[in-house]
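Every number for a ligand or one of its atoms is a count from 1 in the order of the listing.
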Amino acid sequence: MGELNYLDTSMPLEERITSLLSALQTDEKLLLCAGQNFWETRAIPRLGIKAFRMSDGPRGVAYHSSRRRRCTAFPSGVAQAASWDEGLMVRFGEAVAQECKATGAQMILAPAINITRTPLNGRTFEYFSEDPLLNARLTVPMVMGIQSQGVAACVKHFAANNQEANRMRNSSEVSERALQEIYLPAFKAAVEQADAWSVMAAYNAINGTAACENPDFLKTRLRQQYGFRGFVVSDWFAVRRTSSPEACIKAGLNLEMPGKGSHYRFKTIKAAYQQKRFSDDDLDDNLRGLLRVMFLTGHLDSQVDIGQCNTVEHQTLAREMAEGGITLLKNDGDLLPLDPSSVPKIAVLGPKLKRRNCWPLWGGSAGVWPPYEVTPWQGLQAQNHGRFQWVNSPKEADAVLLFVGVGHRPGFDSEAMDRRSLHLPRNQQALIKKTVAANPNTVVILTNGGPLAMPWMDEVPALLETWYPGMEGGNAIARVIFGDANPSGKLPLTFPKQLQDSPAHQSERSYPGDKRAVHYEEELFVGYRHFDKYEIEPLFPFGHGLSYTQFTYSDLLIHGTTFAAEDTLDVSITLTNSGEVAGAEVVQLYVSDQQAADDRPPQSLKNFQKIHLEAGQSHRVSMKLPIAKLRVFCPETNQWQLKTGSYLARLGSSSRDIRLQQAFCVEEVNASIGESL
Ligand code: BGC
C-alpha cells in the first residue's frame with residue numbers, strides 16, 4: 001500500500017500511528033496542531049485524513065455543534081449525579097455517543113467533572129459533585145459508555161477550574177494535598193480506569209502556570225503518572241493566555257481549539273519550528289495522541305457507523321434519568337405523592353410551570369435544543385389519567401403545586417458568569433410565602449442547577465428538587481408527584497443555609513479571589529468535609545434524599561477487626577424496604593479515622609450502592625473497601641500514606657443520617673506511595 005499502509009486495519013495500532021506520522025510532511029503536522037474551524041481539525045486530503053469533529057456537551061449533543069440537528073436533551077450533570085446510578089451513566093454515555101455520531105462528530109466534549117467548590121459556580125448544574133469519590137464513580141461509567149460506541153470522551157476541564165468568575169484570567173492556588181485528594185481523583189480515574197481518549201485543558205492557571213502550558217499537569221501527571229495516551233485539547237480560546245506555541249507544545253497541549261480565531265496560526269507555529277524552538281520529536285510526540293484517537297474512533301477507516309439520534313429509547317432514557325435524579329428534600333405528613341382520595345383538587349402555578357429549559361446555548365456550551373420538551377404543565381396533564389381535578393386558586397384547592405426556580409441566564413445557572421446570589425429571585429420567594437399562606441398543603445417544586453438558600457423552607461411542607469431534568473422532565477416530575485415513580489435521588493452536594501457557611505466563602509481571597517489568584521484556603525475541607533469539621537448545620541446535607549417508602553438498616557457485619565494494608569474490608573448490612581411501595585436506596589459508606597489530626601476531614605465517602613427493593617423485601621448489601629483506599633496524602637513526605645489505628649465504618653442514608661457504625665483497626669503499615677479514595 002506504499003505510504004498509505006496506515007489504512008490497513010489489520011496492522012497493529014502503534015504501527016499504524018508510526019506509519020501515518022512518517023507519511024505526514026512537516027507542514028501537515030504543523031497544520032494538525034490547531035483546528036480549522038470551531039469544531040474540526042484540518043483535513044489532509046492527500047493522505048485521506050478527514051477533519052476530526054467534536055461537539056458539546058455534557059447533557060446531550062448541543063445544537064451549536066450539531067449541524068443544526070436537534071438532539072435528545074438529557075438531564076444536566078448535577079441531575080445525573082443525584083441519581084448515584086452508575087448503570088444509568090453507562091447507558092447515558094452510550095446514547096450520547098450514538099447521537100454524537102449521528103451528527104457526524106467523533107468526540108463529545110463531556111463529561112464535565114470539576115468539583116463543586118462554591119455553590120455560586122455558574123456551571124454547578126453541568127458538573128457532578130463536591131465529593132471526589134462520587135465524582136470518579138460517575139465519570140468512569142460515562143466515559144466507558146461513550147467510548148464503547150467508538151466515540152471519544154473528552155474529560156473537562158483539567159484542572160482546578162471551579163468557578164466562572166475571571167475564568168480566563170485567574171490562577172487557582174491550590175495545595176498538592178487538595179489536588180491529590182479532592183480535585184484530581186476523577187480525572188485520574190477517567191484515564192486509569194476508563195482509558196479516556198481526550199482531556200480538555202482549562203482556562204485557568206494552576207499555581208501560576210496556565211493549564212494549557214502546564215507540563216506538570218499535562219505531561220507529568222496525565223501522561224507519566226496516569227498513563228494517558230490520547231490527546232489534550234485546549235478549552236476554546238484558552239490558549240490566548242499562554243506565552244508561546246512552543247510552551248504549549250512542549251507542555252503537552254496537543255490541539256488548540258477552535259481553529260477560527262486560533263491564537264497560534266500556522267505561520268506562528270511554523271516560525272517557532274523554523275527557529276528550532278521545538279523539535280521534530282516534540283512535534284511527533286504532540287501528534288501521536290490525536291492520531292491514536294483518530295484510529296480508535298475508526299475515523300480513518302472507510303466503514304463508518306452513522307449513529308442514532310432522538311430514538312424513543314433515548315427519550316425513555318432521558319425520562320428515567322430525570323426520575324432517578326429528582327430528589328425529595330422534604331415531605332412532612334407524606335403530602336407527596338399526591339393521593340386523589342385525600343387531595344382531589346389541585347392548583348398549579350409558578351413561573352416554571354410552563355417553562356421550557358432546553359434551548360440552544362441556554363446555560364452556555366451545555367445547552368441542547370431537543371425536538372420537543374415536556375414542560376411540567378404538559379407532563380401533569382399527560383400523566384394525570386383523570387385522577388386529579390385542576391383548579392385555579394390555591395384557596396379552592398386541596399393541595400398546591402408551585403413551580404419555582406432559577407434559569408440558564410448569566411448571573412443564574414450559566415457558563416461564563418457565576419451566580420449572583422444563593423437565593424431564588426425575590427418575587428418567587430414572595431410567591432412561595434403568599435401561596436403557603438393561602439394553602440398550607442403547598443408542594444414547592446424547584447428547577448435549578450445547584451444549592452439554594454431557603455429562608456422560607458420551614459413554612460413549606462414538601463420540597464422536590466428536579467434540577468434541570470431535560471426534555472422529558474415534565475413527565476418525570478408528574479410521575480414522581482403522582483407516585484407512579486418513587487424518588488430516589490440523593491444530593492451530590494451540600495445545600496448551605498447561607499453563603500457564609502460555605503467553605504470557599506470565608507474571604508475574598510478564597511472567592512472570587514484577589515489579584516487574579518483564587519486561594520483554595522479551605523484545603524481539604526470542601527463540601528460536607530467543611531460542614532462536618534466546623535459542625536455547621538447545613539440546610540440539606542450531602543447524600544440526603546427521601547423516598548415514598550422507608551428503609552431500615554440492620555445487622556452490620558465487618559468480617560474481622562484488625563486489618564493490614566493489603567487487606568480488603570468486607571462490610572455488609574441488611575437493607576429492608578419497610579414501607580408500602582417499591583423504592584431505591586443509596587447505602588452510603590463513610591469512614592472516619594478516629595485519631596485523625598485536626599487537618600483531616602472527620603469522615604469521607606468511601607463506597608456506596610444503589611439498591612432497588614420491592615415493598616417488604618430485604619437484601620444483604622455487601623461493600624468492599626480495600627484498606628489501601630484509606631491512604632491519605634501526606635504533605636510532609638508528598639506521598640500517600642496509610643495511618644495505623646482505629647477507624648469507624650459508618651453506614652447511612654446521608655452524610656448526616658448514619659444508621660449503623662462499627663470500629664475496626666489498621667496495623668502493620670508500610671508507608672509507601674499508593675492509591676487514594
Ligand atoms: C467551555 C467548554 C466547551 C467549549 C466549546 C468553552 O467555553 O468551557 O466546556 O466545551 O467552550 O463550546
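- Counting non-hydrogen atoms of other residues, nucleotides and ligands closer than 6.0 Å to CZ of Arg516 gives a total of 12 or fewer.
- More than 12 non-hydrogen atoms from other residues, nucleotides or ligands lie less than 6.0 angstrom from CD of Glu176.
- Within 4.0 Å of ligand 1, heavy atoms belong to protein residues Trp39, Asp56, Leu109, Arg123, Lys156, His157, Arg167, Met200, Tyr203, Asp235, Trp236, Ser365, Glu415.
- In terms of the side chain to side chain donor-acceptor pair (under 3.5 Å) criterion, Thr41 has no residue partners (sequence neighbours excluded).
- Taking the ring axis of Tyr520 as reference, the NZ or CZ atom of Arg117 stays within 45° of it and closer than 6.0 Å to the ring centre.
- Here His64 and Phe38 keep their ring centres 6.0 angstrom or further from each other.
- Ring to ring, Tyr468 and Trp359 are not that close: their centroids are 6.0 angstrom or more apart.
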